[in-house]
Amino acid sequence: LGPEIVLDFDSWRVRRLYNTNVCALFGEHQDMLKSWFRELSGSAVRSERWGAQEGKRVAFQEWNKGLRHLGLFTANFTVRESTFAFALSTTNVVDWIKDWEVVVALTFEDF
């Protein structure tokens with residue numbers, strides 16, 4: 001992801017992800033991505049303890065399981081980078097105690 005992600009992830013996200021090419025690519029593959037998300041969400045043992053919910057939220061373990069299954073981990077993209085990507089994608093909420101699940105798991109939009 002590069003060192004700039006740690007210092008200023010919002011501008012990195014705007015530069016790299018919020019553009020017409022990425023939007024078109026995600027639109028083209030949206031059905032497959034939703035299917036993969038539904039398959040992953042709530043699939044780990046006791047995943048609800050980690051904020052996951054079947055069909056609604058993906059826990060960290062499920063995220064890494066999915067990436068590993070797709071063969072995406074390499075010498076250049078490790079669990080470390082996956083952890084950064086996951087953590088920076090979680091939703092910010094006002095009440096971390098009340099809404100803890102969305103702080104530790106990904107909705108489809110976060111995904």
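Residues meeting the side-chain contact (heavy atoms from CB on, under 4.5 Å) test with Glu54, sequence neighbours left out: none. Under the rule for a side chain to side chain donor-acceptor pair (under 3.5 Å), the partners of Thr78 that lie at least two apart in sequence or sit in another chain are Glu81. For Phe60, the ring pair (Phe, Tyr, Trp, His ring centres under 6.0 Å) partners two or more places apart in sequence, or in a different chain, are Phe86. Partners of Thr20 under the side-chain contact (heavy atoms from CB on, under 4.5 Å) rule, at least two apart in sequence or in another chain, do not exist in this structure.
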Please tabulate, one pair per line, all N/O donor-acceptor pairs under 3.5 Å involving side-chain atoms of residues 25-35, not counting sequence neighbours.
none

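How far CZ of Phe77 is from CG of Leu72: 7.0 Å, rounded to the nearest 0.5 Å. With values rounded to the nearest 0.5 angstrom, Trp63 atom CH2 is found 6.0 Å from Ser82 atom OG.
With a 4.5 Å cut-off on side-chain heavy atoms, Arg68 and Val79 count as touching.
The list of side-chain hydrogen bond (donor to acceptor under 3.5 Å, both in side chains) pairs with a residue in residues 36-47, not counting sequence neighbours, reads Ser43-Lys65, Ser47-Glu62.
A pairwise comparison of heavy atoms in Val22 and Asn19 identifies N-OD1, 2.9 Å as the closest pair. Taking every heavy atom of both residues into account, Ala52 and Gly42 meet most closely at CB-N, 4.0 Å.
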